[in-house]
Amino acid sequence: MNNQSVECGCDEIPQSLLSTDQALTTLTNAAKVINATEFVALDEALGRILATNILSNINVPGFDNSAMDGYAIHLKKDQINTPGGISFEITGRIPAGTTGHELKPGCAARIFTGAPTPKGANTVIMQEECELIEGDSKIEIYRPINLNENIRPMGNDIKIDDIILKKGLKLKPQAIALAASIGIGQLEVFKKIKVGVFFTGDELVKPGDTLEPGQIYDSNRYALTALLKNLDCDIINLNHVQDTLDDTVKALALLQDKCDLIITTGGVSVGEEDHVKPAVEQLGKLDLWRIKMKPGKPLAFGQVGQSAFIGLPGNPVSAMVTFLLFARPFIKKIQGCSHYLNTNFKVAANFDWHRPKPRREFVRVQLNQSSIPAKADQYPKQGSDVLSSMVWADGFAEIPEKSVFKSGEMINFYPLNEMML
Ligand code: AMP
Ligand code: MG
């Protein structure tokens with residue numbers, strides 16, 4: 001790892017720091033896809049990651065069929081595109097789920113949406129354009145008629161041997177429906193990953209209990225477990241662990257062979273009360289990164305036994321932001337997800353950025369979409385302890401290191417609702 005010193009002539013930071021991009025690349029390069037797979041029924045497949053390509057062995061639709069409720073017609077050659085006023089004798093009725101009989105030239109069959117067009121039928125006219133005449137034994141149509149109107153051809157959606165879904169896809173409702181449409185009842189998916197979590201900080205109190213002077217409520221525990229549930233992980237939660245080296249080592253030892261990943265919050269700096277680094281080093285290996293970003297400078301990454309380890313900062317905003325920007329892509333990659341990186345798009349800053357900062361900032365912003373481009377307004381307090389900013393925000397605006405700009409500058413925006421899926 002090539003840590004680099006920050007020398008930018010602005011807010012100089014004396015430590016060795018890692019850029020946001022380097023940290024993300026190192027993490028995702030280290031993330032190995034778990035190999036274990038299982039079959040799940042379609043009803044259980046939502047949010048799971050597909051472990052194989054899905055090939056179709058049928059055509060969908062499997063037969064030419066009507067796109068409308070109306071009349072299937074055997075149009076004679078000399079009737080094609082002639083001005084209206086042509087009549088057809090009704091000789092059949094074909095509801096969906098049945099097959100009709102062959103239509104002779106000049107004849108029509110009542111047909112319903114999805115029903116197979118019978119042999120001989122070469123066009124379908126919607127019922128609103130057909131008038132029943134002669135005691136309902138015939139229809140008359142008052143407009144020119146073309147061949148192949150309102151006929152959905154066999155294989156219109158899917159052809160035999162088409163790959164309909166690709167390995168690594170996170171299964172959304174539409175993908176599950178598509179699998180169902182080719183008759184597949186089960187899908188092979190990657191097994192859920194197991195994530196062990198615990199939370200450091202002797203000042204923390206469980207919500208519902210009473211605070212003593214100097215204590216605060218534990219919020220990271222709820223943030224992290226909810227974020228992991230969003231990612232469909234199985235969670236082993238040891239809850240709060242005392243701020244001692246011994247207890248931290250014990251917690252790690254308990255989790256190391258049961259988990260694919262261990263995540264902690266807090267205790268990851270290098271103060272006397274921070275035991276995560278030495279504890280991980282006792283059992284495995286650890287890189288402590290001071291990432292050139294705000295919020296969320298300290299981030300630890302390592303290995304304990306069979307498990308990868310990510311130590312998030314303690315401040316609640318830093319913990320969530322670093323989880324979303326670093327842990328989330330890492331987790332998605334080991335889950336087998338092919339699109340594991342966060343997506344962003346450009347918006348216009350609705351604020352000036354006066355001073356060049358040595359760290360990249362991820363500013364909590366709301367988007368005003370009443371103009372094009374959408375404008376980003378920042379929450380007035382951007383401290384890493386101001387959790388309200390996360391609830392207020394639609395996402396993060398990425399402010400590059402050392403930049404200075406006026407309102408209107410185009411910047412990257414990371415939507416929170418997408419990162420919460
Ligand atoms: P630390 O990294 O342990 O020094 O923690 C940094 C800050 O985050 C301190 O103000 C902690 O009290 C706070 N903090 C740590 N863990 C949590 C938590 N689980 N919930 C809320 N705040 C926390
Ligand atoms: Mg602490």
Side-chain angles (χ1 to χ4, degrees), residues 13 15-18 23 195-230 233 235-252 255 261-282 286-302 304 309-328 359 361-362 364 379 381-393:
I13 297 176
Q15 303 121 334
S16 275
L17 296 171
L18 196 63
V195 183
V197 295
F198 63 89
F199 307 91
T200 72
D202 286 351
E203 70 280 27
L204 300 176
V205 172
K206 191 167 171 266
D209 292 351
T210 310
L211 288 180
E212 300 295 336
Q215 295 183 324
I216 60 163
Y217 285 119
D218 181 355
S219 62
N220 286 345
R221 168 182 161 188
Y222 301 92
L224 190 60
T225 50
L227 287 163
L228 290 168
K229 276 185 197 156
N230 264 347
C233 301
I235 303 167
I236 304 176
N237 186 354
L238 301 187
N239 295 317
H240 179 238
V241 165
Q242 294 291 314
D243 274 338
T244 67
L245 180 60
D246 202 31
D247 284 323
T248 315
V249 169
K250 275 189 194 140
L252 290 170
L255 294 173
L261 172 65
I262 299 169
I263 304 185
T264 60
T265 68
V268 87
S269 305
V270 283
E272 285 133 49
E273 299 293 329
D274 297 318
H275 302 291
V276 171
K277 181 175 188 282
V280 174
E281 279 168 343
Q282 226 178 74
L286 183 97
D287 275 329
L288 180 62
W289 297 338
R290 306 206 139 262
I291 301 177
K292 251 196 298 178
M293 68 177 276
K294 206 174 156 191
K297 203 166 32 154
L299 185 80
F301 176 58
V304 187
F309 174 84
I310 295 178
L312 302 174
N315 273 306
V317 176
S318 308
M320 281 191 100
V321 172
T322 50
F323 179 91
L324 292 170
L325 294 180
F326 300 108
R328 183 175 183 272
R359 300 189 218 147
E361 298 212 11
F362 290 89
R364 270 75 66 222
Y379 193 72
K381 293 181 191 166
Q382 292 287 333
S384 57
D385 55 332
V386 183
L387 201 46
S388 316
S389 68
M390 288 293 294
V391 175
W392 179 89

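This chain uses plain numbering: 1 for the first residue, then up along the sequence. Atoms within a ligand are numbered from 1 in the order they appear, just like the ligands themselves.
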- Message: Is the shortest side-chain heavy-atom distance between Phe309 and Thr264 below 4.5 Å?
- Response: yes

- Task: Using atom types as modelled and distance alone, determine if a side-chain donor or acceptor of Asp218 lies under 3.5 Å from a backbone N or O of Asn220.
- Result: yes

- Query: Under 4.5 Å between any side-chain heavy atoms of Gln382 and Lys294, yes or no?
  - Reply: no

- Nearest-contact summary for atom 19 (N) of ligand 1 - protein heavy atom, Å: Asp218 OD1, 2.7 Å

- Message: For the backbone of Gly201 and the side chain of Asp243, can you confirm whether one donor and one acceptor N or O come within less than 3.5 Å of each other?
- Response: yes

- Message: I need the contact type for Asp385 against ligand 1. Using non-hydrogen atoms and a strict under-4.0 Å cut-off, is it side chain, backbone, both or neither?
- Response: neither

- Please report which non-hydrogen protein atom sits nearest to atom 17 (C) of ligand 1, along with the residue it belongs to and the distance in Å to one decimal place. Asn220 ND2, 3.1 Å

- Query: For atom 22 (N) of ligand 1, which protein heavy atom lies nearest, and how many Å away is it?
  - Reply: Ile216 CD1, 3.4 Å

- Message: Measuring from non-hydrogen atoms of Gly201 to any atom of ligand 1, is the shortest distance under 4.0 Å?
- Response: no

- For Asn315 and Val317, indicate whether the former's side chain and the latter's backbone hold a donor-acceptor pair under 3.5 Å. no

- Kindly identify the option in His275, Glu203, Gln215 whose heavy atom sits closest to atom 9 (C) of ligand 1. Glu203

- Which atoms of ligand 1 have any heavy atom of Tyr217 under 4.0 Å away? 20 (N), 21 (C)

- Message: Among Gly311, Pro298, Gly271, Gly267, which one puts a heavy atom closest to atom 1 (P) of ligand 1?
- Response: Gly267

- Minimum side-chain heavy-atom gap Tyr379-Val386 below 4.5 Å: yes

- Can you check whether Gly314 has an N/O within less than 3.5 Å of an N/O in ligand 1? yes

- Message: I'd like to check which ligand 1 atoms, numbered from 1 as shown, lie under 4.0 Å from a non-hydrogen atom of Thr200.
- Response: 16 (N)

- May I ask you to identify the nearest protein heavy atom to atom 4 (O) of ligand 1, giving residue, atom name and distance to one decimal place in Å? Asp274 OD1, 4.1 Å

- Query: Under 3.5 Å, side chain of Ser318 to main-chain N/O of Pro313, donor-acceptor pair present?
  - Reply: no

- Write out the residue and atom name of the closest protein heavy atom to atom 21 (C) of ligand 1, then the distance separating them to 0.1 Å. Ser219 OG, 3.5 Å

- Message: Give me the nearest non-hydrogen protein atom to atom 7 (C) of ligand 1 as residue plus atom name, then the distance to 0.1 Å.
- Response: Asn315 OD1, 3.4 Å

- Task: Using a 4.5 Å cut-off on heavy atoms from C-beta on, say whether the side chain of Leu227 contacts that of Leu324.
- Result: yes

- Message: Is there a polar contact between ligand 1 and Arg221, counting only N or O atoms under 3.5 Å apart?
- Response: no

- Message: Any side-chain to backbone donor/acceptor pair from Tyr217 onto Gly208? Under 3.5 Å, distance only.
- Response: no

